Amino acid sequence: MNDSRQISYRILDASANRAAEGIRTIEEFARFGLEDSDSAGAAKALRHELAAALSQLNRTELLTARDTDADVGTTLQTAAEYSRTEIADVITAAAERVQQSLRVLEEYGKTIDVEFARRIESLRYRAYTHHRRIELQAMAHRRTRRLAEAVLYLLIDCGSSESMFVETIRSLSQAGVDVFQLRDKQASDRELFERAKVGAAIAKDCDALFIVNDRADIALSADADGVHVGQDELPATMARRVLGGGRLVGVSTHDIAQVHQAIADGADYIGCGPTFPSTTKSFDAHAGTAFLEQVHAETRQTPRPAFAIGGINPQNLDQVTACGFHRIAVTAAINDADDPAAAARALRRRLDASAG
Ligand SMILES: Cc1ncc(COP(=O)(O)OP(=O)(O)O)c(N)n1
Ligand SMILES: Cc1ncsc1CCOP(=O)(O)O
Ligand SMILES: [Mg+2]
C-alpha cells in the first residue's frame with residue numbers, strides 16, 4: 001500500500017500531465033484553427049505558469065510516484081471520447097479536463113505545499129476566463145464554417161409532433177440539407193421555443209445549422225445557430241445585439257440597396273428574392289432572376305453567402321444557377337414532394353454539380 005504522500009504525488013503527477021496536455025490541445029486550435037494570437041498567447045502563458053508552479057514540487061518524488069502501467073484508469077474509456085467529430089466538442093472536452101485537473105492539483109497540492117496550491121487556484125480562475133472565450137470562438141467557428149459550405153437551405157414548420165420534427169431534420173440533413181429554418185407563423189411562442197430547442201440540438205448532432213425565422217429572442221433562448229430577419233423585423237444590427245457574438249444573422253433582401261445595407265449591417269448571409277411565384281407565400285411583385293444576376297455581379301468585392309429564395313423547384317433551378325447562384329432556400333420543393341428526402345438529394349446533387 002502506498003503512503004499518503006506518495007499517493008498525493010502520484011495524483012499530482014497525473015493531473016499535471018493532464019492539465020498540460022489539455023492546455024496544449026486548446027492552444028493548437030487557437031494558433032492553427034482560429035489564428036488568434038491573443039488566445040494562443042493566453043494558452044501559452046497558462047502552460048508556462050503551470051510549469052513554473054510545478055517546479056515548486058519535488059520532480060524526483062513526482063517521477064518516482066508515477067506508475068502508468070499499474071494505473072487502472074488508463075483502460076477506462078467512455079463512448080463520448082471517441083464520438084467527438086467536431087472541433088468545438090474537442091475544445092469543450094479539453095477545457096473541462098484542464099479545469100478538473102487544476103482543481104485536483106489544488107486539492108492534493110494542499111497536502112504537500114500550500115503556496116503551490118494557491119498558485120494553482122489562481123491559474124484555475126484564469127483558465128475559466130480563457131476557456132469561456134475560446135469555447136465561444138470554437139462554436140462561432142463551427143457556424144461560419146458550416147455556413148460557408150452550405151448550398152441547400154430548407155424552411156420547415158413545427159410539424160405535427162416533436163418526433164416528426166426530429167425525424168424530418170435527421171432524414172433531410174442526411175439527404176443533403178445544410179441549413180434548417182424554423183418558420184411557422186401559426187405557432188405560439190412556447191411551441192416555437194420548444195421546437196427550436198430540440199431542432200437546434202438535433203441539427204448540431206447532424207452537423208447542420210438551425211436558424212429561427214423572425215425571432216432573435218427565441219433563437220437565443222433555444223441556443224439556435226442564428227436568426228433570419230426580413231425587412232419588417234428587427235434590423236440586423238439589433239438582432240446581432242440580442243444574439244451576441246458567435247451566432248448567425250441572415251437578412252432577406254429584395255433589391256440591391258437592401259443587399260448593400262444588409263452587408264454594411266454585418267449580415268452573415270442574405271436571402272435574395274422572391275425569385276419566382278411561390279405557393280408558400282404570395283407577393284405582389286417578384287425580384288426575379290434579374291435581381292439574382294445583379295447581386296452576383298455587385299457583391300463580388302464583398303462576398304457573403306447568398307441564397308436565392310421563392311418558388312424554386314427542379315424545373316426552374318437551372319435559371320437560378322445560370323445567374324451564378326449555387327445556394328437556394330426552399331420550402332415546397334422539398335416539404336411538398338412525395339418523397340422529401342429524394343427531392344432534397346436531387347436538388348443537392350444539382351447544386352453541387354453547378355458549383356463545380
Ligand atoms: C433564407 C430566407 N430568405 C428570405 C426569407 C424571407 O424572410 P421575410 O422577408 O422576413 O419573410 P418571412 O419568412 O418572415 O415571411 C426567409 N424566411 N428565409
Ligand atoms: C418565406 C419566403 N420569402 C420569400 S419566398 C418565401 C417562401 C419560400 O418557399 P417556397 O420555396 O415554397 O417558395
Ligand atoms: Mg420575416
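Order of listing sets the numbers, starting from 1, for every ligand and every atom in it. Here the structure is a predicted model, which is why all the values come from computation and not from measurement.
A heavy-atom distance below 4.5 Å is not found between the side chains of Arg119 and Glu49.
Under the 4.0 angstrom criterion for non-hydrogen atoms, Ala333 is not in contact with ligand 2. Using a non-hydrogen distance threshold of 4.0 Å, Phe283 registers as a contact of ligand 2. Contact analysis leaves Phe307 out of contact with ligand 1, as no non-hydrogen atom separation drops below 4.0 angstrom. Residue contact annotation: Gln231 has no non-hydrogen atom under 4.0 Å from ligand 1.
The protein heavy-atom contact nearest to atom 14 (O) of ligand 1 is Lys185 NZ, 2.6 Å. Scanning the protein for heavy atoms near atom 12 (O) of ligand 2, the closest one is Thr280 OG1, 2.4 Å. Shortest contact from atom 9 (O) of ligand 1 to any protein heavy atom: Ser252 OG, 3.2 Å. Here the protein heavy atom with the shortest distance to atom 1 (C) of ligand 2 is Arg183 NE, 3.3 Å.
The ligand atoms of ligand 2 that sit less than 4.0 angstrom from a heavy atom of Gly311 are 10 (P), 11 (O), 13 (O). Proximity to Val330 (heavy-atom distance under 4.0 Å) selects the following atoms of ligand 2: 11 (O). Those atoms of ligand 1 with a heavy atom of Gly271 less than 4.0 angstrom away are 3 (N). Close contacts between ligand 2 and Gly310 involve ligand atoms 5 (S), 13 (O) [criterion: under 4.0 Å to a heavy atom]. Set against the non-hydrogen atoms of Asp214, the atoms of ligand 1 under 4.0 Å away are 10 (O), 14 (O).
Between Asp189 and Arg215 a salt bridge is recorded (basic side-chain N to carboxylate O distance below 4.0 Å).
As for Asp214, its N/O/S atom nearest the Mg ion (ligand 3) is the one called OD1.
Aromatic pair Phe283/His254: ring centres not closer than 6.0 Å.
Looking at Asn17 and Glu21, their side chains never bring a donor and an acceptor atom within 3.5 Å of each other. His131 and Gln99 share a donor-acceptor pair across their side chains, judged by distance under 3.5 Å alone. In this structure, a donor-acceptor pair under 3.5 Å is absent between the side chains of Tyr128 and Arg132.
Hydrophobic clustering, with ILVMFWY side chains joined whenever heavy atoms are under 4.5 angstrom apart, keeps Val330 apart from Tyr269. Cluster membership for Val320 and Ile309, using ILVMFWY side-chain heavy atoms within less than 4.5 angstrom, is not shared.
The Mg ion (ligand 3) has Glu233 among its coordinating residues (N/O/S atom, backbone or side chain, under 2.8 Å).
Taking all atoms of both residues into account, the shortest heavy-atom contact from Ala208 to Arg142 is O-NH1, 3.7 Å. Ala222 and Lys197 make their closest contact through CB-N, 3.5 Å (heavy atoms, listed as atom of the first residue, atom of the second, distance). Of all heavy-atom pairs between Ile218 and Ala196, the closest is CG2-CB, 4.1 Å. Residue Arg247 comes nearest to Ala224 through the heavy atom pair NH1-O, 2.9 Å, listed as atom of the first residue, atom of the second, then distance.
Among the atoms of Lys281, none of the N or O lies under 3.5 angstrom from an N or O of ligand 2.
For atom 11 (O) of ligand 2, the candidate residues are Thr279, Thr331, Ile312, Leu155; the nearest heavy-atom contact is made by Thr331. Residue Ser278 holds the heavy atom nearest to atom 7 (C) of ligand 2 of all those in Gly230, Ala332, Ser278, Gly271. Of the listed residues (Arg183, His254, Gln181), the one carrying the non-hydrogen atom nearest atom 17 (N) of ligand 1 is Gln181. Comparing heavy-atom distances from atom 15 (O) of ligand 1 across Glu233, Arg215, His228, Lys281 singles out Lys281 as nearest.
The proximity of Asp232 to ligand 1, defined as any non-hydrogen pair under 4.0 Å, does not occur for either the backbone or the side chain.
No more than 12 heavy atoms of other residues, nucleotides or ligands shown are found within 6.0 angstrom of CZ on Arg31.
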